[in-house]
Amino acid sequence: MKTLDTIPTGKIERAGKLVKTGVKIGGNYVKYYGKKLVDPQTSRDTLNQDNAEDIYDGLKSLKGSALKVAQMLSMEKNLLPRAYVEKFSLSQFSVPPLSAPLVRKTFKKYLDKYPEQIFDEFEKDSVNAASIGQVHRAKKDGKQLAVKIQYPGVAESISSDLALVKPVAIKMFNLKGKDSEKYFKEVEHKLKEETDYILELEQSREITSECAVIPNMQFPKYYRNLSSERILTMDWMEGVHLGEFTQKDFNAELGNTLGQALWDFYMFQIHKLKRVHADPHPGNFLVSDEGKLIAIDFGCIKQIPDEFYVPYFELAKPENINNDEVFMEKLYELEILTPTDSEEELRFFTALFKEMLTIFTSPFHKETFDFGDEDFWTKIANLSERYSKDEQIRKMNGNRGSKHFLYINRTFFGLYNLLHDLKAKVEVNAYREFLG
């Protein structure tokens, strides 16, 4: 794969890249509508494929938060056409890496030494290049290590990148008014945290120490003396990416074991630690030869305040969903309903969220839940499809819910999808024995 010697870091230079991408997408639409005139039966599949290619190609050279947005979107399997999901999922662990000279320059700047002066062995070619950083293998004192190096300019370009993608997001999610700013601020805050490798190191050590009680989970050890704000060193963990593992045939019992570990890992964090690994995509997990699940990235950790945690999980109880008075009270607490809503909006969004929560919280209503059950996923897909085409929802303000929904919902969407890929049957309340 071709390496990058430079990454656009200036606002104008990065904006120029996105403008070029926009021109290509415009050309794709012209071609599509031209074919549609000749053949009215022409499907959007080719258009989606061309747009996904051009958007991904434009973002991958920018890296950073622009590419991170593509990575986040790739997890929304029920919201995007398949062409986008497949292409954007490459941003998880398949983008052009930095060249060796740029890697050495980064080491010199942030650890004041070149990699060969720090490690006994250091592989100049990266083994994994993603949205914010890339990983190299190294060796020191007989230990195999993974060294994550952040791309230059990523941290500094977050605010300007989000300003560039904001108009697209506002249109895609039908956001209106100044209230939408809270969502963009939440994303900006989390992305800035993800570029702070000192913070990631501390979070990683704390959470992996707490989660060591979860069976069939493994975590790397992190090395403070070999890390800085832009370089993070940890144990090299042997295993297959979870996404690759689920593409091949695997034993159902092993799928259940891995799924149970994953479920317990997340429930323990949410209910015991009140903070959670909020980036559950396949590139952040490995499966070892011994059938253990390895979590390798703790850059995105979401704190869950009590004022959100309490009503959120009270709405996971069927008796509260089915009690109209309690249900509406919780919707107000979670900012899904607002004092300025019209009667039409109150009726519409109360009905929408009742249907949505009845489906999404159904795993919590049973002792054992089968995430391989296609009926569950058909209901989710049908709901997404129906409301994506609903003309009424387009006329209403899409600013719905506390800012905390962004990363908590992302966590559950990602978790459910991973469990579905594993076809896992999980004991829903098994995690409680680890709460102490």
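Reckoned from all heavy atoms, side chains included, excluding hydrogens, waters and symmetry mates.
Between Arg275 and Glu206, at least one side-chain nitrogen of the basic residue sits less than 4.0 Å from a carboxylate oxygen of the acidic one, meeting the salt-bridge criterion. Between Arg137 and Glu238 a salt bridge is recorded (basic side-chain N to carboxylate O distance below 4.0 Å). Ion pair Glu121/Lys140 not flagged as a salt bridge, since none of the NZ, NE, NH1 or NH2 atoms sits closer than 4.0 Å to an Asp/Glu carboxylate oxygen. Under the 4.0 Å criterion applied to side-chain N and carboxylate O atoms, Lys423 and Asp370 are not assigned as salt-bridge partners. A salt bridge links Asp375 with Lys379: the closest approach of a Lys/Arg side-chain nitrogen to an acidic carboxylate oxygen falls below 4.0 angstrom.
Residues Asp306 and Lys274 meet the side-chain proximity criterion, which asks for heavy atoms closer than 4.5 Å. Side-chain contact between Arg205 and Met234 is absent, with no heavy atoms from C-beta onward closer than 4.5 Å. No side-chain heavy atom of Phe364 sits less than 4.5 Å from a side-chain heavy atom of Phe369. With a 4.5 Å cut-off on side-chain heavy atoms, Asp120 and Asp141 count as touching.
When ring centroids are compared, Tyr309 and His271 come within the 6.0 Å threshold. The aromatic ring centres of Phe268 and Tyr266 sit 6.0 Å or more apart. Annotation: Phe298 is in aromatic contact with His277 [ring centroid separation under 6.0 Å]. Ring-centre distance between Phe245 and Phe285: not below the 6.0 Å cut-off. Within the 6.0 Å centre-distance limit, the rings of Phe413 and Phe360 are counted as a close aromatic pair. Taking the six-membered ring for Trp and the full ring otherwise, the centers of Phe405 and Tyr312 sit less than 6.0 Å from each other.
Around CD of Glu374, the count of heavy atoms belonging to other residues, nucleotides or ligands within 6.0 Å exceeds 12. Sparse packing is recorded around NZ of Lys366, with 12 or fewer heavy atoms of other residues, nucleotides or ligands lying under 6.0 Å away.
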